[in-house]
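Inspection log for the structure reproduced underneath, given as structure tokens.
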Amino acid sequence: WNFLVRVYVERDEGSFGSEKAERIAVETADELLIAFDNDLTLGGEVKFVEVVSGSFSNGQIGNTVRIVEFVISCMDVVNAS
């Protein structure tokens with residue numbers, strides 16, 4: 001299975017502002033990568049998880065946001081009988 005994980009960080013001056021939002025987005029991306037590396041079974045829910053791709057982008061969801069996006073691939077074993 002592949003899953004899309006997105007984190008939205010508000011960039012508007014009334015919230016974090018562009019500079020702080022960028023720092024938060026990068027720190028969050030680093031923390032997510034570390035978390036996936038340290039828990040390869042997602043707490044025993046799958047046999048293996050890996051980050052397939054990641055990206056940063058900008059968007060508009062009410063306010064201007066910085067988007068951190070990862071695609072993760074999860075492998076599990078199911079009983080076929």
### Side-chain heavy atoms of F70 within contact of V52, under 4.5 Å
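Result no, sub-4.5 Å side-chain heavy-atom pair not found.
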#### Entry: F48 side chain reached by E50 side chain, heavy atoms, under 4.5 Å
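Sidechains of F48 and E50: in contact.
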### Between R11 and N58: side-chain donor-acceptor atoms closer than 3.5 Å
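A donor-acceptor contact under 3.5 Å links the two side chains.
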### Closest non-hydrogen atom pair, R66 against A25
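For R66 versus A25, the nearest heavy atoms are CG-CB, 3.8 Å.
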### Task
Kindly give the heavy-atom pair with the smallest separation between F56 and A29, and that separation in Å.
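Reported closest heavy-atom pair: CZ-CB, 3.7 Å.
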### Query
Between T64 (side chain) and Q60 (backbone), is there a donor-acceptor pair under 3.5 Å?
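No: the side chain of T64 does not pair with the backbone of Q60.
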### Interatomic spacing from CG in N63 to CD in E10 - rounded to 0.5 Å
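Going from CG on N63 over to CD on E10, the span is 4.5 Å.
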Cluster check [X], [Y]: I/L/V/M/F/W/Y, side chain < 4.5 angstrom:
| X | Y | value |
| --- | --- | --- |
| L32 | V65 | no |
| F36 | V26 | yes |
| V46 | V5 | yes |
| F3 | V7 | yes |
| L40 | L42 | no |

### Message
Please evaluate residues R6 and I67 with respect to the criterion side chain to side chain contact (heavy atoms under 4.5 Å, CB included), reporting the C-alpha separation (whole Å), side-chain torsions for both, the decisive distance (0.1 Å), and the verdict.
### Response
CA-CA 7 Å; R6 281 190 185 139; I67 303 166; 4.2 Å; yes
### Message
Salt bridge or not between E27 and R23? Use side-chain N to carboxylate O under 4.0 Å.
### Response
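Between R23 and E27 there is a salt bridge, with a charged N closer than 4.0 Å to a carboxylate O.
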#### Entry: Option from I72, V71, N2, L4 for which side chain to side chain contact (heavy atoms under 4.5 Å, CB included) with S53 holds
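Result: among I72, V71, N2, L4, V71 is the only option passing the side chain to side chain contact (heavy atoms under 4.5 Å, CB included) with S53.
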